[in-house]
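In what follows, chains carry the letters A, B, and so on, assigned in the order in which the sequence lines appear, proteins first and then strands, with residues in each chain numbered from 1.
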2 protein chains.
Amino acid sequence: MVKLLDEKTEASPDHVGWRLWQASRAWQVEFAAAMRSAGHAWFSEARAGLLGHIPRNGTRQSALIERAATSKQAVQQLLDGLEAEGVLERLPDPRDGRGKLVCYTRKGLDALRDGDRIKLQIERGYIDRIGEQRFAALMDALRTLDAGRGDASAGASGPK
Amino acid sequence: MVKLLDEKTEASPDHVGWRLWQASRAWQVEFAAAMRSAGHAWFSEARAGLLGHIPRNGTRQSALIERAATSKQAVQQLLDGLEAEGVLERLPDPRDGRGKLVCYTRKGLDALRDGDRIKLQIERGYIDRIGEQRFAALMDALRTLDAGRGDASAGASGPK
DNA sequence: CCGTATAGTCAAGATACTTGACGATATTCA
DNA sequence: TGAATATCGTCAAGTATCTTGACTATACGG
């Protein structure tokens with residue numbers, strides 16, 4: 001295949017990493033836009049990344065820090081912002097005077113509900129675009145990939 | 001370990017967006033770590049995102065701005081950094097007095113070469129983890145998804 | 001009680017990105 | 001030609017995210 005000029009399109013190569021990044025980014029942009037349209041102007045990707053680690057019934061801040069792969073200070077600052085927005089609140093942990101429990105407010109739970117709805121909408125769009133079978137294969141591959149962590153990525157993301 | 005209260009794991013739901021995000025993030029962390037280990041200490045994820053849009057033979061800065069989905073100022077600041085690191089250089093466009101051509105230096109091309117090698121390594125690791133077939137299905141789904149853009153994400157990423 | 005570990009905070013700085021304003025060149029068209 | 005307009009890139013300031021280091025308060029083990 002003699003591509004004579006076309007070296008111009010050599011960027012954005014066809015690699016897993018790039019594809020994953022592009023797909024992930026597109027999803028986030030679509031989701032964030034829908035969330036903001038739904039009235040959750042406080043929504044951002046970084047905040048979404050944190051909220052994804054907070055179950056509906058709340059969690060201890062320290063547990064949250066373990067799940068998210070960032071520093072406790074980064075988590076704290078995001079929590080500060082979300083608390084200031086009225087999405088979350090921090091209550092003292094009755095079982096540990098040092099700890100705080102991170103819980104959703106009414107506003108936060110409303111956002112979660114809208115988020116679930118939007119996720120399903122986007123998912124339907126994806127299935128329309130690539131077909132049910134391909135979508136299932138995508139999810140299967142991603143799940144398997146995730147399950148196989150702990151070995152391969154141990155050195156990369158290890159807490160040190 | 002009998003988890004008796006299981007609502008606790010309700011976070012991080014099993015949705016495409018989350019899976020894509022996690023997978024993309026894991027890839028980037030692994031890739032960036034390998035790049036830095038290979039001696040490219042200047043490497044960062046944001047810079048990688050930009051470099052992915054710059055073909056080996058260079059590009060016009062304005063063309064770059066169109067490809068990357070951010071503001072021209074963001075692109076410029078990343079370019080400033082990469083230029084200061086000696087990875088890129090900006091040459092005047094002989095055909096347009098206003099324009100600049102963004103080109104790789106020797107150092108930049110070396111990094112691209114290492115990057116290609118590392119990508120293949122990671123890809124091999126993925127295939128080992130999820131099998132050749134699943135990996136092929138993953139790539140197929142991601143490519144099809146990407147090809148189907150332009151309608152669905154038009155409103156989200158439009159320049160406006 | 002004492003030493004150590006854990007939970008969270010405070011403060012400062014780096015990076016990435018956004019907005020607004022601007023100068024320089026190119027293009028269009030009367 | 002020459003003026004209006006558009007494009008290309010830069011400068012400057014502000015916001016958001018994340019990182020590091022230092023610190024307080026509580027818990028735990030002896």
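Atom pair B:F43:CZ and C:dA14:P shows a separation of 22 Å (rounding to whole Å applied). In this structure, B:L64 atom CG and D:dT7 atom P are separated by 18 Å, rounded to whole Å. Rounding to whole angstrom units, CG of residue A:L101 and P of C:dA7 are separated by 13 Å. Spacing between atom CG of A:L79 and atom C1' of D:dA16 amounts to 15 Å, rounded to whole angstrom units. Atom CG of A:L82 is separated from atom P of D:dC18 by 11 Å (rounded to the nearest Å). Rounded to whole Å, the distance from CG on B:D80 to P on C:dC17 is 14 Å. With rounding to whole Å, A:D93 atom CG is found 17 Å from C:dT6 atom P. For B:E45 and C:dA14, the CD to P distance is 20 Å, given to the nearest whole Å.
Listed nucleotides C:dA7, D:dT19, D:dG9 differ in distance to A:R98; the shortest reach to its side chain belongs to C:dA7. Across C:dA16, D:dC11, D:dT19, the shortest atom-to-atom separation from the side chain of B:L78 is found for C:dA16. Of the candidate nucleotides C:dC17, C:dT19, D:dT17, D:dT17 has the atom lying nearest to any side-chain atom of A:A46. Closest to the side chain of A:Q76, out of C:dC10, C:dA16, C:dT18, is C:dC10. Ranking C:dA11, D:dC8, C:dC17 by closeness to the B:R60 side chain, first place goes to D:dC8. Here C:dA16 is the nucleotide among C:dA16, C:dA21, D:dG21 with the atom lying nearest to any side-chain atom of B:S44. The listed nucleotides are D:dT20, C:dG8, C:dA16; the one nearest the side chain of A:S71 is D:dT20. When each of C:dC17, C:dG8, D:dA25 is scored by its nearest atom to the side-chain atoms of A:K100, the top-ranked nucleotide is C:dG8.
Side chain A:Q61 to base C:dT9: no donor-acceptor pair is found below 3.5 Å. No hydrogens or angles were tested; on distance alone, a donor-acceptor pair under 3.5 Å links the side chain of A:Q77 to the base of D:dC18.
Heavy atoms only, all atoms of each residue included: A:H15 and B:M139 are closest at C-CE, 4.1 Å.
For the pair A:C103 and A:L91, the minimum side-chain heavy-atom distance is below 4.5 Å.
Residues B:K72 and A:K72 both approach DNA chain D. Their nearest nucleotides, taken by heavy-atom distance, put B:K72 toward the 5′ side. Heavy-atom distances to DNA chain D give each of B:D96 and A:V75 a nearest nucleotide, and the one nearer the 5′ end belongs to B:D96.
Put simply, CE on B:M35 and CD1 on B:I118 are 5.5 Å apart, with the number rounded to the nearest 0.5 Å. Note: A:K100 NZ to A:D93 CG = 11.0 Å, rounded to the nearest 0.5 Å.
When the options A:L64, A:V102, A:D80 are evaluated for a side-chain contact (heavy atoms from CB on, under 4.5 Å) with A:V75, the one that passes is A:L64.
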Mind running side chain to side chain donor-acceptor pair (under 3.5 Å) on B:S62 and B:E66 for me, showing each step along the way? CA-CA 7 Å; B:S62 58; B:E66 281 186 22; over 6 Å; no
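For D:dT17, neither phosphate oxygen OP1 nor OP2 lies less than 4.0 angstrom from any side-chain nitrogen or oxygen of A:T70. Between B:R90 and D:dT10, a side-chain N or O to OP1/OP2 separation shorter than 4.0 Å is present.
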